[in-house]
Amino acid sequence: MIFSGKGALTVSGKTKHAIASDDYTRILDRTIQVSDAILDGLHSNDGIYIDGGKINIVASSDGIEAEKGSIIVNGREITLKVADDGIVASYEDGDATIIPDVISIDAGGGR
């Protein structure tokens, strides 16, 4: 799943994850607002790549989670307010590389 172009996207996950992909997710210089998610704000099975943009997530579980693969964040601004973990690369070989200009994580899970 690829998000690119101009403008903003606002999503609400009333029954599960707000944004979910069976493969990888890539965000290219977009503004993504997840106002509330029952589970993860951004969930991908194979990896998450964020290049530029502004990401704001409010979720009842994890903010950004990749079950397999890596998470790479080169975003301008990342704000996460979540009940569990902020950013999770769950797979045993998964890494998280985070290089935003501004990052704020308020996580109940402490990571």
| request: Begin from the C-alpha positions of Glu67 and Asn45 and carry the test side chain to side chain contact (heavy atoms under 4.5 Å, CB included) through to its verdict. | output: CA-CA 5 Å; Glu67 287 188 24; Asn45 287 351; 3.6 Å; yes

How about [X] and [Y]: do any of their side-chain heavy atoms sit closer than 4.5 Å?
X	Y	result
Lys16	Ile38	no
Lys54	Thr79	no
Tyr24	Ile2	yes

| task | From the options Asp62, Ile19, Val11, select the one residue that forms a side-chain contact (heavy atoms from CB on, under 4.5 Å) with Leu42. | result |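 Result: among Asp62, Ile19, Val11, Ile19 is the only option passing the side-chain contact (heavy atoms from CB on, under 4.5 Å) with Leu42.
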
| field | From Asn56, Ile55, Ile57, residue fulfilling side-chain contact (heavy atoms from CB on, under 4.5 Å) relative to Ile32 | value |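 Considering Asn56, Ile55, Ile57, a side-chain contact (heavy atoms from CB on, under 4.5 Å) with Ile32 is found only for Ile55.
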
Which heavy-atom pair separates [X] from [Y] by the least distance, and what is that distance?
X	Y	result
Ser12	Ser35	CB-OG, 3.8 Å
Gly47	Ala66	CA-CB, 4.0 Å
Asp40	Glu65	OD2-OE1, 2.7 Å
Met1	Ser21	CE-CB, 3.7 Å
Gly69	Ala89	O-CB, 4.2 Å
Ala107	Asp84	CB-O, 3.3 Å

[X], [Y]: one ILVMFWY side-chain cluster at the under-4.5 Å cut-off?
X	Y	value
Ile71	Phe3	yes
Ile87	Ile72	no
Leu28	Val34	no
Ile50	Val58	no
Ile98	Ile78	yes

Roughly how far apart are [X] [atom1] and [Y] [atom2], rounded to 0.5 Å?
X	Y	atom1	atom2	value
Ile64	Ile105	CD1	CD1	7.5 Å
Thr25	Asp23	OG1	CG	8.5 Å
Ser61	His17	OG	NE2	7.5 Å
Leu80	Asp85	CG	CG	11.0 Å
Tyr49	Ile27	OH	CD1	12.5 Å
Asn74	Ile99	CG	CD1	5.0 Å

| task | Give a yes or no on whether the backbone of Gly52 and the side-chain of Arg76 come within a donor-acceptor separation of less than 3.5 Å. | result |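 Checked: no pair found.
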
| message | Before you tell me yes or no, could you show the steps for Lys14 and Asp36 under salt bridge (Lys or Arg N to Asp or Glu O under 4.0 Å), namely the whole-Å CA-CA distance, both residues' side-chain angles and the distance that decides it to 0.1 Å? | response | CA-CA 7 Å; Lys14 297 292 186 182; Asp36 57 20; 3.2 Å; yes

